[in-house]
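Structure first, commentary second.
Keep in mind the model is a prediction, meaning the values are calculated, not measured. Along the sequence shown, the residues carry numbers beginning at 1.
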Amino acid sequence: MNNSEQTSTLSADTSKEVKQTTSKQLIAVIFILALATKMFLQPLFLVKAAGRDAYIALAIDGGFDIIVLIVTLIAMKLSPDRDFFELTRCVFGKVGSRIIVCIFGLYLFFKLNVAVSETVSFYSKNILTDLDTTLLLLILLIFLVGVALHSLRALTRLNEILTPVIVTCLAVLIAIVVATGFDLSNIFPSLRNPHEFGVALSRHMTWLGDFSPLLLFLGRTEMKKSTVPLCVVSGTLGSAISVFFSVVMCAAFGNVTSLVDASTNLSSILQYSLGNVYGRIDLVAEILWSVASFIQNALFFYCVVRCFEYVIGKPLHLVTSLGVGALLFTSLSVAFSDPSILSLLIVNEITSALVASFSLAVPVLALISAVIARKKEGGEKSGQSGGNKNAIRSTE
């Protein structure tokens with residue numbers, strides 16, 4: 001089978017997923033992605049580095065991601081029928097498209113490593129403390145491989161079902177925190193050490209790119225007039241909730257950063273700030289973050305698999321999923337097995353700058369490609385229209 005036949009086969013396979021995501025499902029996915037990344041490790045690292053000003057850095061990162069989200073949504077609006085692969089192939093050709101998708105896939109694979117390592121760290125140090133970390137990782141990988149074998153529609157439906165659970169947990173937690181109150185004075189005055197804050201901000205941008213998986217929703221989502229503004233509201237609301245809990249965390253630990261470690265998660269923050277008077281409210285918080293993190297991991301894994309499938313030119317879901325799972329297991333069990341290595345790799349200026357650049361550059365590239373593709377399509381239509389008119393005149 002030659003390259004053109006392989007590409008057409010892959011296109012035929014991916015076309016089965018076209019228009020399989022509704023606007024409602026997209027809105028729910030955006031809300032989950034806005035929550036998942038900024039609820040665990042990033043706030044912990046930021047509190048250690050910036051103390052009581054950590055929530056400000058988190059808010060800045062959230063604002064950056066909202067900008068990326070808006071660019072992505074505009075690209076989706078301009079390209080309602082072409083998916084990301086077809087769009088890049090139309091503008092850059094087959095070879096250029098595969099190079100772009102390969103680089104994008106490698107970027108997503110790095111983000112997947114960070115996301116999965118967070119999930120494994122959360123469970124191994126907070127919930128399943130007696131379970132071997134390697135076994136826990138294998139269980140999670142089996143789940144991810146199973147998800148990648150299904151369509152994007154199946155994944156978004158799962159997210160749509162689980163979103164009400166997360167919303168309910170959030171409503172309960174926020175109501176209790178607001179009703180009980182917390183010492184807001186602990187986060188003031190702000191920016192007492194601007195240099196320290198600047199260093200902390202520049203070294204902790206690895207968690208940017210929450211909405212990168214949305215590029216695979218191009219051409220596969222029913223875009224209505226209200227879809228874009230509602231998606232922006234959903235992403236902004238999710239980011240605002242993350243910042244709210246970060247404020248609670250900074251009020252509790254901003255002056256005692258030595259108490260913050262990998263076992264300090266949202267649940268212990270709530271227990272600390274609320275005086276432990278509501279029993280096991282931490283279970284609600286654990287459900288909240290766990291569900292969101294599983295959805296996030298599944299979306300990133302799904303996107304990595306589809307990107308690599310496009311690069312090799314064959315829709316081998318099982319083989320590619322197992323291959324990505326094996327690579328992920330190797331990188332997490334070897335390179336990321338030592339927490340100090342993980343921290344050294346993801347908490348530095350170089351990695352942060354690269355992630356920030358990729359998280360914005362790829363949606364911008366998709367937007368530019370969508371504009372060029374529309375112009376090409378318009379030119380072809382006008383050319384065909386002109387040809388038809390000439391044919392009519394010649395007949396006359």
Side-chain angles (χ1 to χ4, degrees), residues 21 23 25-39 42-43 46 56-79 83-85 87-88 100-101 103-112 114-115 118 156 159 201-221 223 227-243 246 292 295-297 299-300 302-304 306-307 346 349 351-371:
T21 303
S23 295
Q25 291 169 341
L26 178 64
I27 293 169
V29 166
I30 290 173
F31 182 74
I32 297 302
L33 288 176
L35 286 173
T37 303
K38 294 180 172 64
M39 292 288 279
Q42 187 183 19
L46 284 173
I56 302 177
L58 192 71
I60 292 174
D61 288 349
F64 181 90
D65 275 332
I66 294 301
I67 294 174
V68 173
L69 173 63
I70 293 173
V71 174
T72 304
L73 290 171
I74 295 175
M76 294 175 67
K77 191 71 173 179
L78 293 177
S79 181
D83 64 19
F84 180 69
F85 307 130
L87 196 62
T88 54
I100 292 172
V101 173
I103 295 174
F104 180 53
L106 292 174
Y107 157 74
L108 288 176
F109 182 73
F110 173 76
K111 292 287 296 179
L112 177 64
V114 176
E118 281 197 351
T156 53
N159 177 81
L201 181 63
S202 65
R203 290 173 60 88
H204 295 84
M205 295 188 294
T206 307
W207 286 269
L208 294 175
D210 291 351
F211 305 115
S212 295
L214 296 180
L215 285 172
L216 264 71
F217 284 70
L218 265 73
R220 303 181 183 184
T221 306
M223 300 295 291
T227 300
V228 172
L230 287 178
C231 285
V232 174
V233 171
S234 177
T236 303
L237 181 61
S239 299
I241 292 173
S242 298
V243 173
S246 179
I295 294 296
Q296 178 204 34
N297 292 338
L299 279 169
F300 273 99
Y302 174 90
C303 292
V304 171
R306 292 302 184 268
C307 286
I346 66 177
E349 288 86 351
T351 305
S352 296
L354 288 174
V355 170
S357 300
F358 271 104
S359 63
L360 180 60
V362 179
V364 169
L365 180 65
L367 176 59
I368 294 173
S369 300
V371 173

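Residues F110 and T351 are in side-chain contact: their nearest non-hydrogen atoms beyond the backbone lie under 4.5 Å apart. Residues P363 and F211 fail the side-chain proximity criterion, which asks for heavy atoms closer than 4.5 Å. The closest side-chain heavy-atom distance from L367 to L78 is below 4.5 Å. Contact check for L26 versus C231: side-chain heavy atoms found under the 4.5 Å cut-off. With a 4.5 Å cut-off on side-chain heavy atoms, M205 and D61 count as touching. The closest side-chain heavy-atom distance from L58 to W207 is not below 4.5 Å. Counting heavy atoms from C-beta on, the side chains of V228 and M76 never come closer than 4.5 Å.
Taking each heavy atom of A356 and F64 in turn, the nearest pair found is O-CZ, 3.6 Å. Of all heavy-atom pairs between A36 and A292, the closest is CB-O, 3.6 Å. Listed here is the closest heavy atom pair of L215 and F84: O-CB, 3.5 Å. Closest non-hydrogen pair, C307 versus G105, comes out as CB-CA, 4.0 Å. Scanning both residues, C303 and L108, for their nearest heavy atoms gives CB-CD1, 3.7 Å. Here the closest non-hydrogen pair linking G209 and P213 is O-CD, 4.4 Å.
Distance check: I60 CD1 to L201 CG gives 5.0 Å after rounding to the nearest 0.5 Å. Taken to the nearest 0.5 Å, the CZ atom of F85 stands 10.5 Å off from the CG atom of L218. The OG atom of S212 sits 11.0 Å away from atom CG of L69, with the distance rounded to the nearest 0.5 Å. Atom CG of L365 sits about 11.0 Å away from atom CG of L360, to the nearest 0.5 Å. Note: D210 CG to F300 CZ = 7.0 Å, rounded to the nearest 0.5 Å. Here the straight-line distance linking atom OG1 of T221 with atom CG of D83 works out to 11.0 Å at 0.5 Å rounding.
In this view, T227 and S23 satisfy the side-chain hydrogen bond (donor to acceptor under 3.5 Å, both in side chains) rule, not counting sequence neighbours. With sequence neighbours excluded, the residues satisfying side-chain hydrogen bond (donor to acceptor under 3.5 Å, both in side chains) with T88 are S97. With sequence neighbours left out, Y107 forms a ring pair (Phe, Tyr, Trp, His ring centres under 6.0 Å) with F358. Take F217 and apply the ring pair (Phe, Tyr, Trp, His ring centres under 6.0 Å) test, not counting sequence neighbours, and it matches no residue.
In this structure, the side chain of Q42 engages the main chain of H204 through a donor-acceptor pair within 3.5 Å. Side chain of S357 to backbone of A353: a donor-acceptor contact under 3.5 angstrom is found. A donor-acceptor pair under 3.5 Å links the side-chain atoms of K111 to the main chain of T206, judged by distance alone. Distance alone, capped at 3.5 Å, places no donor-acceptor pair between the S234 side chain and the L230 backbone.
The side chain to side chain contact (heavy atoms under 4.5 Å, CB included) with T72 is formed by just one residue from the set I67, I30, L214, V364; it is L214. Considering V233, T236, L237, N159 as possible partners of F31, the one that fulfils the side chain to side chain contact (heavy atoms under 4.5 Å, CB included) test is L237.
Annotation: salt bridge (Lys or Arg N to Asp or Glu O under 4.0 Å) contacts involving residues 64-77, sequence neighbours excluded, comprise K38-D65. The salt bridge (Lys or Arg N to Asp or Glu O under 4.0 Å) contacts involving residues 229-241 comprise nothing, where partners must be two or more places apart or lie in separate chains.
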